[in-house]
Every structure is written in structure tokens, then in C-alpha cells.
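Working notes, structure below.
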Amino acid sequence: MILELHEKLKSRKLSSVELTRHYLKRIAADRTNSYLTVCEEESLKEATAADARIASGKDVTPLTGIPLGLKDILCTNGVRTTCASKILGDYKPPYDATSVERLKRSGAVTLGKLNMDEFAMGGSNENSAFGAVKNPVNPEYVPGGSSGGSAAAVKAGLAAATLGTDTGGSVRLPAAFTGTVGLKPTYGLVSRYGLVAFASSLDQIGPLGATTEDCAAVLSAIAGHDPLDSTSFKREPADYVALMAAERGKKLRIGVPKEYFVEGIEKAVAEKFSEARKGLEKAGHTFVEISLPHTEYSVAVYYILAVSEASSNLARFDGVRYGMRAKGDLSLTEMYSKTRALFGEEVKRRIILGTFALSAGYYDAYFKKACQVRRLISGDFSEAFKKVDAVMAPTAPSAAFRLGEKIADPLKMYLNDIFTIPVNLAGLPAISTPIGRAAQGLPIGMQFIGRHFEEPRILALSKQVEEEVYREKVDHGF
Amino acid sequence: MAKIDFSSETVMKVAHLARLELTAEETAKFSSQLTKILDYVEKLNSLDTSKVEPMTQVHDVETPLREDETRPSPGAAAILDSAPEQVFDNYKVPQVIATKGKDEA
């Protein structure tokens with residue numbers, strides 16, 4: 001979609017101001033609750049500047065004049081950034097996240113900030129202080145989380161593409177649940193500077209789009225080393241659309257992990273997966289069964305590591321430097337604990353669990369143990385990638401579930417992440433691609449997992465699925 | 001890792017460490033939910049990891065260093081502007097040194 005719009009903008013059949021107005025109009029009529037903040041004035045200003053840039057013909061990039069949405073966990077200069085939490089109030093950061101700054105430098109138009117699970121903690125987008133996001137495909141169902149607004153906005157045509165973040169599946173799961181494409185890049189490929197930290201050893205920013213190519217186009221703008229993030233890898237920015245195209249035509253050995261097909265997987269997911277596999281076999285790829293023996297431990301490892309890192313990262317919300325402060329004649333400790341009571345329930349639960357796992361007497365039994373098993377899970381992939389070029393697996397055991405269905409049982413909700421979490425633990429890139437619809441009309445997704453920095457390969461596979469197996473219809477009202 | 005009963009007392013103790021006020025309802029709820037979650041996490045004990053080096057980061061590479069040069073920043077005023085309370089270009093906080101009968105802070 002982005003490259004088609006880019007051609008129209010370049011040939012002056014369409015202006016960025018017209019395009020931006022088109023999306024702003026759709027956002028005003030939105031019923032999915034995808035946006036928390038709409039930047040009407042700013043985006044029209046950016047669109048006007050983009051039109052001038054296109055008219056001058058100088059320094060035009062594929063994103064120049066393209067309206068995008070941002071998950072509300074990315075800092076935006078002068079624009080309210082809430083993390084879908086009450087604790088940040090009307091916090092307006094005095095700087096842009098590097099990924100946001102790079103999009104702006106490319107000439108992209110930023111429409112506004114998207115709803116999410118509070119501090120990216122959740123798999124259904126029901127943990128937002130501003131209300132749940134509804135799945136555009138069926139409003140009685142969740143869009144997945146935590147980047148639920150980012151996925152719903154793409155599906156409902158409220159942005160040409162969006163940025164989300166993926167700590168344990170938060171880009172891929174909502175992509176699968178809404179019938180969109182979502183890429184979780186290799187850990188370290190995209191700078192996390194200005195991303196409000198949840199679990200720093202796992203967090204990664206990634207694009208969501210209507211097509212694989214859209215994700216590649218956005219990735220090209222945001223990837224590459226940033227001196228402000230010491231975990232960002234020394235890599236130069238690259239054109240992922242071209243790199244993806246160069247990968248096409250290669251006949252690959254694709255591994256299917258047997259551990260992903262044992263229990264609890266919905267019939268429709270297994271069926272659509274096997275159709276996709278047949279399609280790719282016809283295209284000349286070879287499939288082999290592989291084993292990732294420690295898969296069953298990944299949820300347990302994740303829910304120790306992610307909450308431990310979160311409890312430490314979220315210590316910064318203390319009522320002193322930003323956001324809200326509890327009112328009244330309070331001692332320092334009271335001020336801290338009453339201010340922090342503004343966190344939502346899921347965030348509190350994770351802070352408690354994380355603080356416990358890091359506390360004296362339990363650190364070795366929980367945190368250290370989880371770090372050790374993390375190495376085993378990561379090692380499973382290293383072994384597998386000696387035999388195969390990529391791994392293909394379902395994104396989630398089921399299609400989207402109903403709003404309210406799992407919210408009372410945190411463990412049940414966590415287990416939904418079983419297929420996405422291992423990728424974050426190993427820091428690998430993965431892309432979720434739509435492969436069909438379940439009987440009740442809900443989208444189903446599947447993911448390709450690559451070696452570190454092999455985004456071009458998994459992008460090419462995803463694009464091949466779109467072209468030769470299944471393509472989810474996109475309607476942004478043009 | 002011994003089986004943990006995440007009692008309401010444990011929840012309250014940890015909540016204090018995290019400087020997080022919980023309602024009685026939240027305390028009771030977390031006690032039962034976290035007991036269940038820790039029970040699930042027990043499965044890690046079935047693995048022998050005595051010879052496994054803990055993994056704390058993805059890439060085993062040297063931290064990239066950069067020159068320590070000054071560069072433009074938003075400036076103190078813009079940053080202080082985000083604070084709920086400020087005074088004389090500083091963050092304003094409640095009294096830190098405890099007075100008798102108040103808080104141990």
C-alpha cells in the first residue's frame with residue numbers, strides 16, 4: 001500500500017494533505033478505540049511540508065507524505081505520551097524517540113498515538129486505562145495486544161502503517177488477530193531510545209502494515225545503529241524492500257517445530273497452517289520437522305524475566321520527574337506508594353511478581369534460573385538453524401478470543417503467548433502473516449522466524465505467502 | 001525453589017519493597033493469582049541447569065562506545081516542565097529526612 005501511495009504522491013495524482021485528511025476523517029468516525037491522541041494540526045503541517053518536499057523533488061523517500069500511527073509508548077516531542085496509563089497523566093516528552101525522529105526525517109506524517117495495553121503488558125489490549133480496543137473484524141473480539149491499537153488502525157484503515165513494540169509477541173499477536181502483517185525485528189536492529197522501557201533485554205520496535213512490503217518500507221526508515229542506544233547493533237540502515245526482493249526465488253529448507261503442534265492448538269489454525277505449507281512446497285521450498293525441546297518452558301521463563309525487568313524499569317514512575325503525583329500532606333514513602341497506586345491491575349501484578357523474583361533469597365531460584373533456561377531456549381534455535389534456513393510456526397494457538405474471555409485468569413492469558421515468546425528470548429526476527437480465516441470469520445496468522453539479522457529472508461517468505469497462498473483484503477477507502 | 005505460598009502477608013511485604021499501595025481486594029486477589037503463577041513456574045525445576053551460564057543479553061558483543069562529546073539537549077527547563085512539582089529549577093519532593101513520629105522514608 002505504501003509504495004502505491006508513494007507513486008501517486010510522486011506523480012502528483014494525490015497530495016499528502018489530501019491523503020492525511022482522508023485518514024483524519026476515518027479516525028474521526030472510528031469505533032475501534034484505536035487512537036488515544038490525534039495530531040490533527042501537526043499532521044496537516046507535516047503533510048504540507050511533505051508536499052513541498054515532493055514538489056522540490058529533493059530528498060524524497062518512500063515514506064515522504066505517508067500518514068502513519070505510533071504506539072503510545074514511543075516518546076513524541078510535545079505530544080502527549082501515556083503508555084495507556086493513568087500514572088503519566090498528560091506527560092509531553094521534550095524529545096522524539098529515535099524511531100519517531102527517523103520516520104519524521106523520512107518525511108512521514110504522524111497522525112497520532114495508538115492505544116495499547118498499559119506499559120505494553122497484556123495480550124488482548126484490555127489493560128488500557130483508556131478502554132479496550134475492539135477488533136475491526138468483529139467488535140466483540142479482542143484485537144490482541146499489546147500493540148492492539150497499532151494493528152486495529154491498520155486493519156480499519158486509520159493509518160497507512162503503524163509502529164508497535166514486541167516484548168513477548170506484542171506486534172505479532174495483534175497482527176495475527178486482525179489479519180495484518182507484523183514484524184518483530186532482531187533485538188538491536190531498531191533503536192529503543194525514547195521507547196518507554198518495559199523489559200529492556202526483550203523489547204523491540206516493529207512495524208505493522210497491510211502488506212509485507214509496507215513493513216519492509218517502514219523498517220528501512222527506522223533500522224540502523226543509534227549512538228543513543230548502547231544495545232543497538234552497529235549496522236547501517238538498509239533498503240529492506242530491495243533486500244527482500246533479492247531473496248525471492250531462493251529455494252529454502254524450512255523447519256516446522258513439532259512442539260508447536262501438541263496440545264491446545266485450534267483446528268482451524270492447524271488447517272490453515274498446513275494449506276500454507278502446501279502452497280510453499282509447490283513453490284519449491286522443502287519442509288523438515290525440527291525440535292525446539294525447551295518450548296514448553298518459555299512462558300515460565302518469560303514471566304519471570306519480563307516482570308523482573310519491568311519492576312526495575314517502572315521504578316522511575318515515582319511522582320517526582322513526570323506524570324502524576326498523589327495529593328495531600330504525605331511523607332516521601334506515602335507519596336511514592338500512593339502515586340504508584342495509579343498503575344493498573346496488570347502492571348501492579350507484574351511489579352509485585354518482579355520485585356519478588358529479584359528480592360533477597362529468591363533471586364537465584366527465580367531470576368537466575370530463568371536466565372539459565374533462557375540460554376537453553378535460545379540454544380534450541382541455534383541448533384535448528386544449523387539444519388534449516390527459516391522456521392515456520394503458528395503465531396498463536398487460536399484466532400482472537402472474545403472481549404472479557406480471559407481477563408480474569410492471568411495465567412490463561414499468558415499462555416496465549418507460548419508461540420511468540422521464544423523468539424524474544426532468543427532475540428530473533430519474526431514476521432506474522434495472515435493465512436486465512438477461521439470458521440467464524442476471524443483471521444489466522446502464521447510466523448516465519450529467521451536467524452539474527454535475516455529480516456530480508458523472512459520478509460520474502462511472507463510476501464510469497466501473500467502472493468501465492470492467501471492475501472487478506474485491505475480496504476482503506478480509496 | 002521450594003513451593004511458595006504467596007500469602008497476603010508476602011504480597012504486602014513485597015508491595016512495600018516496591019513502594020506500591022494495594023487495596024485489600026488487590027492484595028487478596030494477587031495472593032491467589034501469584035500463588036498459581038509461581039506454581040506454574042515450578043516446572044523450570046525439572047531442568048538441570050547447574051552447568052548452564054545465565055543468559056542476560058542476546059548478542060555477545062562488546063558494548064559500542066562513542067566519543068564523550070556534548071550535543072544539544074532539550075535543556076533543563078523543558079525537562080523540569082514534565083515534573084508534577086518544581087521549585088527554583090529543581091524537583092520538589094516531600095521532606096526526605098524523617099521527623100520524629102512520621103515516616104521512616
Side-chain angles (χ1 to χ4, degrees), chain A residues 91-95 187-188 201 225 227 230-231 233-234 294 296-297 299-301 303-304 311 318-325 330-338 340-341 343 345 348-349 351-353 355-356 359 365-366 368-376 378 410-411 414 426-427 452, chain B residues 1-2 4 6 10-11 13-23 26 29-30 33-34 36-38 40-47 49-50 52-59 61 63-66 73-75 78-85 91-96 98 102-105:
Chain A
Y91 172 60
K92 292 189 179 76
Y95 69 104
Y187 182 81
S201 81
H225 179 66
S230 64
T231 64
F233 220 74
K234 287 263 184 196
H294 298 95
E296 66 164 301
Y297 302 101
V299 173
V301 168
Y303 280 95
I304 292 173
S311 74
D318 56 4
V320 174
R321 285 158 295 169
Y322 17 62
M324 307 299 283
R325 170 183 292 188
L330 304 170
S331 72
L332 187 67
T333 305
E334 285 166 348
M335 189 276 283
Y336 287 150
S337 54
K338 285 187 192 297
R340 289 162 62 77
F343 283 129
E345 186 182 311
K348 287 178 187 165
R349 188 160 34 237
I351 289 175
I352 298 291
L353 187 54
T355 305
F356 172 76
S359 63
Y366 290 98
K368 191 178 161 202
K369 181 81 185 181
C371 287
Q372 288 170 314
V373 181
R374 179 179 186 178
R375 188 169 297 282
L376 298 177
S378 177
L411 187 57
Y414 298 169
H452 290 134
Chain B
M1 156 179 11
I4 297 286
F6 217 96
T10 310
V11 174
K13 200 180 137 211
V14 176
H16 175 70
L17 292 175
R19 300 290 185 269
L20 182 61
E21 187 179 86
L22 301 178
T23 63
E26 283 170 335
K29 196 170 174 183
F30 289 176
Q33 288 173 335
L34 295 176
K36 211 170 136 194
I37 292 168
L38 286 179
Y40 174 79
V41 165
E42 277 293 304
K43 64 159 64 199
L44 297 182
N45 270 342
S46 63
L47 292 170
T49 52
S50 53
V52 182
E53 189 64 25
M55 175 176 172
T56 51
Q57 52 186 18
V58 170
H59 305 295
V61 291
T63 303
L65 300 175
R66 58 183 158 85
S73 73
I79 289 162
L80 278 167
D81 231 24
S82 306
E85 288 189 54
Y91 294 120
K92 188 180 172 189
V93 293
Q95 190 175 352
V96 176
K102 248 207 152 177
D103 192 88
E104 85 287 8

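In what follows, chains carry the letters A, B, and so on, assigned in the order in which the sequence lines appear, proteins first and then strands, with residues in each chain numbered from 1.
Contact count versus chain A (heavy atoms, under 4.5 Å) is highest, among B/Gly75, B/Pro54, B/Ala83, for B/Pro54. Considering only heavy-atom pairs separated by less than 4.5 Å from chain B, the leading option among A/Tyr336, A/Phe233, A/Tyr95, A/Tyr414 is A/Phe233. Of all the listed residues (B/Lys43, B/Gln57, B/His59, B/Lys92), the one sharing the greatest number of non-hydrogen pairs under 4.5 Å with chain A is B/His59. Annotation: maximal heavy-atom pairing with chain B below 4.5 Å, among A/Val299, A/Asp318, A/Ile351, occurs at A/Val299. Of the listed residues (A/Phe343, A/Tyr297, A/Tyr187), the greatest number of heavy-atom pairs within a distance under 4.5 Å of chain B belongs to A/Tyr297. The candidate with the highest count of non-hydrogen atom pairs below 4.5 Å against chain B, out of A/Ala300, A/Ser337, A/Ser311, A/Ser230, is A/Ser337.
Considering all non-hydrogen atoms of both residues, B/Tyr91 and A/Arg321 come closest at CZ-CG, 3.4 Å. The two residues A/Gly323 and B/Pro84 make their nearest non-hydrogen contact at O-CG, 3.4 Å. Between B/Val58 and A/His452, the shortest heavy-atom distance links the atoms CG1-NE2, 3.7 Å. Taking each heavy atom of A/Lys234 and B/Leu65 in turn, the nearest pair found is NZ-O, 4.3 Å. Pairing each heavy atom of A/Ser201 with each of B/Thr56, the nearest pair is CB-O, 3.7 Å.
Summarising the geometry, atom CZ belonging to B/Arg66 is positioned 8.5 Å from atom NE2 belonging to A/His225; distances are rounded to the nearest 0.5 Å. Distance OH/B/Tyr40 to OH/A/Tyr303: 10.0 Å, rounded to 0.5 Å. How far CD of B/Glu21 is from CD of A/Glu334: 8.5 Å, rounded to the nearest 0.5 Å. Atoms CD1 and CD1, from A/Ile352 and B/Ile37 in turn, are 12.0 Å apart once rounded to the nearest 0.5 Å. For the atom pair A/Gln372 CD and B/Leu47 CG, the distance stands at 10.0 Å (nearest 0.5 Å). To the nearest 0.5 Å, atom CZ of residue A/Phe356 and atom NZ of residue B/Lys13 are 9.0 Å apart.
No part of B/Leu80 comes within reach of chain A, as not one of its non-hydrogen atoms sits under 4.5 angstrom from that chain. The contact between A/Tyr91 and chain B is made entirely by side chain atoms (from C-beta outward), counting heavy-atom distances below 4.5 Å. Proximity to chain B (any heavy atom under 4.5 Å) is restricted, for A/Lys92, to the backbone atoms N, CA, C and O. With a 4.5 angstrom heavy-atom cutoff, B/Glu26 touches chain A only via side-chain atoms. Only the side chain of B/Leu34 comes within contact range of chain A, with heavy atoms under 4.5 Å apart. Using a 4.5 Å cut-off between heavy atoms, B/Thr23 makes no contact with chain A at all.
The shortest side-chain heavy-atom distance between A/Leu330 and B/Pro94 does not fall under the 4.5 Å cut-off. B/Met55 has its side chain within reach of A/Ser378: a pair of non-hydrogen atoms, C-beta onward, lies under 4.5 Å apart. Residues A/Lys348 and B/Leu20 are in side-chain contact: their nearest non-hydrogen atoms beyond the backbone lie under 4.5 Å apart.
Under the 4.0 Å criterion applied to side-chain N and carboxylate O atoms, A/Arg325 and B/Glu85 are assigned as salt-bridge partners.
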